[in-house]
Participant: 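Can you read through this structure? Questions will come right after.
Along the sequence shown, the residues carry numbers beginning at 1.
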Amino acid sequence: MPPAKTSYVCLPCRASYKQRRPGRHDRADRPCPRCARPLIHVGAAFAPPRRRDEAAWRTLSVLLQAGIRFHMGCTDGPGYRPRTMGEVRERLTYARRHGVPAEQALVLREPPQRTRSRPAIPC
């Protein structure tokens with residue numbers, strides 16, 4: 001059976017690579033084949049955006065800088081991840097207003113909405 005592979009990303013090159021899982025004796029950082037900068041280990045459940053999709057790569061960089069990765073769960077994969085900067089902004093605003101850590105707010109499928117009570121309109 002071949003060794004299990006996982007995904008690594010180079011944000012400046014906008015490139016994704018499948019490589020074998022890190023072992024005990026591997027170097028801590030793997031260099032990018034294009035630019036030699038360290039690759040970021042993103043997990044086995046990662047699906048890279050197209051190289052020309054700048055907005056998707058920008059969104060991905062925010063997620064990775066917040067510490068969010070794409071590791072497989074027991075049965076349902078990595079869970080929800082925002083796909084647009086609008087979704088990221090919405091979740092970061094929720095985190096800032098409610099004191100929730102950014103890495104927790106970014107993986108919420110729908111951030112809880114504040115209910116505003118409307119004044120009753122007399123008939």
Side-chain angles (χ1 to χ4, degrees):
M1 179 179 234
K5 293 198 173 188
T6 187
S7 293
Y8 289 83
V9 167
C10 179
L11 292 174
C13 295
R14 285 190 242 157
S16 172
Y17 303 98
K18 287 276 191 177
Q19 296 183 358
R20 62 185 169 79
R21 292 188 180 275
R24 282 187 294 177
H25 305 292
D26 288 339
R27 290 182 5 186
D29 58 337
R30 293 182 184 207
C32 173
R34 290 179 171 203
C35 67
R37 293 183 181 145
L39 292 173
I40 301 170
H41 181 222
V42 291
F46 177 70
R50 294 188 184 272
R51 185 168 284 142
R52 286 182 265 166
D53 190 354
E54 292 180 18
W57 281 96
R58 207 171 320 124
T59 301
L60 178 63
S61 71
V62 170
L63 293 176
L64 295 177
Q65 289 172 2
I68 296 173
R69 300 295 187 258
F70 298 81
H71 297 290
M72 290 296 292
C74 293
T75 57
D76 57 353
Y80 174 78
R81 301 295 186 260
R83 292 190 171 265
T84 64
M85 282 305 290
E87 291 175 351
V88 168
R89 275 189 229 106
E90 178 183 15
R91 281 151 183 79
L92 290 177
T93 300
Y94 170 78
R96 190 172 46 252
R97 287 183 182 164
H98 297 283
V100 178
E103 54 272 358
Q104 287 180 6
L106 284 169
V107 296
L108 292 174
R109 185 167 294 279
E110 288 293 323
Q113 298 295 322
R114 228 175 29 184
T115 57
R116 294 181 183 171
S117 58
R118 291 182 161 177
I121 299 174
C123 295

Participant: Looking only at atom types and distance, does a side-chain atom of E90 sit under 3.5 Å from a main-chain N or O of G86, one as donor and one as acceptor?
Facilitator: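 Side chain of E90 to backbone of G86: no pair is present.
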Participant: Measuring from R34:CZ to C32:SG, what's the distance to the nearest 0.5 Å?
Facilitator: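 Reported to 0.5 Å precision, the distance equals 7.0 Å.
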Participant: Would you say R91's side chain and R109's backbone share a donor-acceptor pair under 3.5 angstrom?
Facilitator: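 Yes, R91 side chain to R109 backbone: donor-acceptor pair under 3.5 Å.
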Participant: Please answer: with hydrophobic residues joined when any side-chain heavy atoms are less than 4.5 Å apart, are I68 and L108 in the same cluster?
Facilitator: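 Each belongs to a different hydrophobic cluster.
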Participant: Got a donor-acceptor contact below 3.5 angstrom from the W57 side chain to the P48 backbone?
Facilitator: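 Checking the backbone N and O of P48 against the side chain of W57, no donor-acceptor pair under 3.5 Å is found.
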Participant: If you measure from CD on E87 to OG1 on T59, what distance do you get to the nearest 0.5 Å?
Facilitator: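 Here the rounded value is 8.5 Å.
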Participant: Side chain of R51, backbone of R14: donor and acceptor closer than 3.5 Å?
Facilitator: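 Between the backbone of R14 and the side chain of R51 there is a qualifying donor-acceptor contact (under 3.5 Å).
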Participant: Any side-chain heavy atom of L39 within less than 4.5 Å of one from P31?
Facilitator: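 Side chain of L39 against side chain of P31, heavy atoms only: no contact under 4.5 Å found.
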Participant: In Å and rounded to the nearest 0.5 Å, what is the CD1 to OG distance from I40 to S16?
Facilitator: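 Here the rounded value is 11.0 Å.
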Participant: Check for a donor-acceptor pair, side chain of R20 on one end and backbone N or O of A4 on the other, with a separation under 3.5 Å.
Facilitator: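 Side chain of R20 to backbone of A4: no pair is present.
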Participant: Please lay out, stage by stage, how L106 and R81 fare under the test side-chain contact (heavy atoms from CB on, under 4.5 Å).
Facilitator: CA-CA 7 Å; L106 284 169; R81 301 295 186 260; over 6 Å; no
Participant: What are the two closest heavy atoms between A102 and L92, and how far apart are they?
Facilitator: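 Of all heavy-atom pairs spanning A102 and L92, the closest is CB-CD2, 3.8 Å.
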Participant: Does any part of the side chain of Y17, heavy atoms only, come nearer than 4.5 Å to the side chain of T6, both counted from C-beta?
Facilitator: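 Of all side-chain heavy-atom pairs linking Y17 with T6, none is under 4.5 Å.
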Participant: Quick one: do V100 and V62 end up in the same hydrophobic cluster if we chain Ile, Leu, Val, Met, Phe, Trp and Tyr together by side-chain heavy atoms under 4.5 Å apart?
Facilitator: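 No, no single cluster joins them.
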Participant: Taking the side chain as every heavy atom from C-beta outward, state whether L60 and F46 have any atom pair closer than 4.5 Å.
Facilitator: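 Contact flag for L60/F46 side chains = yes.
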Participant: With hydrophobic residues grouped by side-chain heavy-atom distances under 4.5 Å, do L63 and V107 end up in a single group?
Facilitator: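 They do share one cluster, since a chain of ILVMFWY contacts under 4.5 Å joins L63 to V107.
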Participant: Quick one: pull up CZ in R58 and CE in M85 and give me the separation to the nearest 0.5 Å.
Facilitator: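 Rounded to the nearest 0.5 Å, the CZ-CE separation comes to 6.5 Å.
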Participant: Quick check for you: to the nearest 0.5 Å, what is the distance between K18 atom NZ and S7 atom OG?
Facilitator: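 OG of S7 is found 3.5 Å from NZ of K18.
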Participant: Taking it one step at a time, do Y94 and E110 satisfy side chain to side chain donor-acceptor pair (under 3.5 Å)?
Facilitator: CA-CA 10 Å; Y94 170 78; E110 288 293 323; over 6 Å; no
Participant: Just verifying a value: how many Å separate Y8 OH and H41 NE2, rounded to the nearest 0.5 Å?
Facilitator: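 The OH atom of Y8 sits 4.5 Å away from the NE2 atom of H41.
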